[in-house]
S.K.: 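For reference, the structure I am asking about is given below.
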Protein chains: 2
Amino acid sequence: MTTIQDVARHAAVSVSTVSNVLNGRTDRMRAETLARVEASIQALQFRPSKLAQQLKTGQTPLLGLLVPSMANPMYGYIAREIESVAQERFGFRLLIGSTYRDREKESAFFEDLLAHGVRRVIVISSLADERHFESAVERGMAVVSYDRGATPGKPSKVGHVMPDNFEAARLATQHLIDKDHRRLAFATVAGMTMSRSAKIDGFFAAAEAAGLRASAQVLDGGALNEYGDSVIAEVGRATALQIAGLPEHPTGIVALNDLMALGLMAGLREAGLGVPEDVSVVGIDGLFLATLSNPMLTTVQLPVREMARAMVERVMQHPGEASEDEREQVFTGVQLIERESVAPPPAASQPRIARRTKPEKAAP
Amino acid sequence: MTTIQDVARHAAVSVSTVSNVLNGRTDRMRAETLARVEASIQALQFRPSKLAQQLKTGQTPLLGLLVPSMANPMYGYIAREIESVAQERFGFRLLIGSTYRDREKESAFFEDLLAHGVRRVIVISSLADERHFESAVERGMAVVSYDRGATPGKPSKVGHVMPDNFEAARLATQHLIDKDHRRLAFATVAGMTMSRSAKIDGFFAAAEAAGLRASAQVLDGGALNEYGDSVIAEVGRATALQIAGLPEHPTGIVALNDLMALGLMAGLREAGLGVPEDVSVVGIDGLFLATLSNPMLTTVQLPVREMARAMVERVMQHPGEASEDEREQVFTGVQLIERESVAPPPAASQPRIARRTKPEKAAP
DNA sequence: CTGAAAGCGCTAACAT
DNA sequence: ATGTTAGCGCTTTCAG
């Protein structure tokens, strides 16, 4: 490995001169010297060791990213967006880790990041409390958390970025109501998180406004196993069976997210229920996969790129630069994308204008 | 940040003693001293800086992982498996990067890894030549490459791990033949890679053996755009339209991978062709998503976990430890998973025993 | 059994 | 305009 010393020797200058050109302080030397140093750097294929730089400056161009599971396409999608912003705008690389929504694993990851000198972290977690990262913040880390708000009352140094989950679920539910569905359900998994409860609130708000509160219910398909998120679709499948068994089963289902919706559709089909003839389903997320299902999934698109950009910018700014009220950023740009998984319920007494839902193109 | 000095002072010993306990050389001290040091470490919440350790030892517990795109569920799946082996068995974290199959981006990523002191990297790339990582190997990196063999004739220091692509495609094709399909096609994207050509070879080998070579063809749905892999499904969709337009269109399609198969099914449906009534489709990969489609996708499952484990173990072993003939590792554990996307062709003259394809459970 | 000291590769005062 | 030097936090001989 070639070092700054080698370059200095090769260019017949001192290490500090080389360091100066490395750090753009080129005004402090003759053009001729600069040229010579640059030539030597080229000739020797010299790359300054970030390790040594970090040790000295305390800064490492690495962004920590903590996701529940890399195998979940939604997180893959978010991660990719985060990566490109971090790389293109700040020259940072990603140090990633799956946590399977486990507190121990999250803490361990934070410890490692700290030890690696990483000072900025984006966390996608739904864990109830975030004390473990509050403490990281205290130790000098900039952290922003996705999809969960600050704990009310407790002022936090952790930044929060999230979609308008309430509105997303409300929109989805309203769409079902507009199609004359009267028996509504929200399909979720075991365990309550902030984003899940916001969605449930949105669901009930829409139902309430339409006077359908009494026939609206929340269905819990069960817990995620060790494998974390890729099995969420399996929970959807289980929920479908549950639905099929209900005496007067709901006809309009809002799913926690697209993966769950996809599982739901598969399960409904297995149970002999047609989508959308018997049951309508709408997802939340806007994954490109929703475009591939049969029927194509009607869903609420979340502004993933915008959120990714916001998270990166937020975590990159100098600590303490954000004012208190900026600590929580809610992205309202959610929109319904009508595809094929929603239709009026089978026995709809007064069918509306049969607006044919046209398939539409691509997504992410 | 608390340092080893702080601990030494707190425990009233020298830094080297602390270092000794950190590195398990506890035999060199009195139990009492050890206890005192450990107590101090606890009390001060001391975590040795990996940065400093690395600078000294030249080793960093980070594994570089280069994928075409994190948004591609297949790579998300592989990445997760790699991560868990790396973490659980070796205590390594992942430094990840998407390259969109671009040589420049790959090289840039390698440079950064080197600068960060990362000495081991797993590359999932399909680029024709791998000279850019040969040079990294020369600079002391251990690299293993997924899904491409060594360039014949050119001895390489790069390790290679891959599934038996030939056999995977052959199995898929044979399955179609067994179901009496006579007009076969292999659906791929623009650009030839080693794994793609192995699959095509397997496809033709099966066709040949059944005397169907003349009616077997390769369909190229076009190029991937900047977004890389998540649009592969769109290419599948385009291919479907192309198929529908063919005079005597093929009835049995083997797709390059599951994502493409999913897009193919969506496109076929748009074109008014039923799957599997009119056209049968089989994928390759074994993604859990194949379990969610309608009809559920029949596919060839690749031994992802085994390959992930092999790659990590390979890249972790001491450089030069592998013998020449181990340089290339082909995983033959591929197997067909029958689901619903394959049936005899519409005009099958002599229908076989109507073996009902049963839906089956889960996957990844 | 424990401590002193020499770096790892780089940065940034401080000299010259 | 360029060189000298003191560390960043840790590991590791080598002495006591």
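Naming: A, B, ... by sequence-line order, numbering from 1 per chain. Since the structure is predicted, the reported quantities are computational estimates derived from the model, not experimental observations. Heavy-atom basis, side chains included; hydrogens, waters and symmetry copies ignored.
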S.K.: Select base, sugar-phosphate, or nothing to describe what A/Ser16 touches, counting heavy atoms under 4.0 Å on all strands.
M.R.: base
S.K.: B/Leu55 CG to C/dT11 P: how many Å, rounded?
M.R.: 12 Å
S.K.: A/Val123 and side-chain contact (heavy atoms from CB on, under 4.5 Å): which partner among A/Phe110, A/Tyr146, A/Phe109?
M.R.: A/Phe110
S.K.: Indicate yes or no: does A/Glu88 engage A/Arg309 in a salt bridge with an N to O separation below 4.0 Å.
M.R.: no
S.K.: If you compare every side-chain N and O of B/Arg25 against the phosphate oxygens of D/dT12 (OP1, OP2), does one of them come in below 4.0 Å?
M.R.: yes
S.K.: Give a yes/no answer on whether the side chain of B/Ser49 brings an N or O atom under 4.0 Å of OP1 or OP2 in D/dG9.
M.R.: no
S.K.: Quick one: the side chain of A/Lys56 and the base of C/dG9, do they pair up donor-acceptor inside 3.5 Å?
M.R.: no
S.K.: Taking only side-chain N and O atoms of A/Ser14, does any of them lie within less than 4.0 angstrom of OP1 or OP2 on D/dG3?
M.R.: yes
S.K.: Rounding to a whole Å, what distance do you find between A/Met29:CE and D/dG3:P?
M.R.: 10 Å
S.K.: Are B/Arg89 and B/Glu313 within salt-bridge range, i.e. N to O under 4.0 Å?
M.R.: yes
S.K.: Kindly indicate whether the side chain of A/Met70, heavy atoms from C-beta on, has any atom under 4.5 Å from the side chain of B/Glu83.
M.R.: yes
S.K.: How close or far is atom C1' of D/dT2 from atom CZ of A/Arg36, stated in whole angstroms?
M.R.: 11 Å
S.K.: On DNA chain D, nearest-nucleotide positions of A/Val15 versus A/Arg28: which is more 5'?
M.R.: A/Arg28
S.K.: May I have the distance from A/Ile4 (atom CD1) to C/dC10 (atom P), rounded to whole angstrom?
M.R.: 6 Å
S.K.: What's A/Asp6 touching, base or sugar-phosphate or nothing? Going by heavy atoms closer than 4.0 Å.
M.R.: nothing
S.K.: From CG of B/Leu51 over to C1' of C/dC10, roughly how many Å is that when rounded to an integer?
M.R.: 12 Å
S.K.: Within the structure, does a side-chain N or O atom of A/Gln53 lie under 4.0 Å from either OP1 or OP2 of C/dC10?
M.R.: no
S.K.: If you assign each of A/Thr17 and B/Lys50 to its closest nucleotide in DNA chain D, which residue comes earlier from the 5' end?
M.R.: A/Thr17
S.K.: Just the rounded figure in Å: distance from P of C/dG7 to CD of A/Gln5.
M.R.: 12 Å
S.K.: Could you tell me whether the phosphate oxygens of D/dT11, OP1 or OP2, come under 4.0 Å of any side-chain nitrogen or oxygen in B/Asn20?
M.R.: no
S.K.: In whole angstrom, give the distance that lies between atom NE2 of A/His116 and atom P of D/dC10.
M.R.: 14 Å
S.K.: Take atom CZ of B/Phe46 and atom C1' of D/dG9, then tell me their distance rounded to the nearest Å.
M.R.: 8 Å
S.K.: Would you say a side-chain N or O of B/Thr33 is under 4.0 Å from OP1 or OP2 of C/dT2?
M.R.: yes
S.K.: Under a 4.0 Å threshold between the charged nitrogen and the carboxylate oxygen, would B/Arg139 count as salt-bridged to B/Glu111?
M.R.: yes
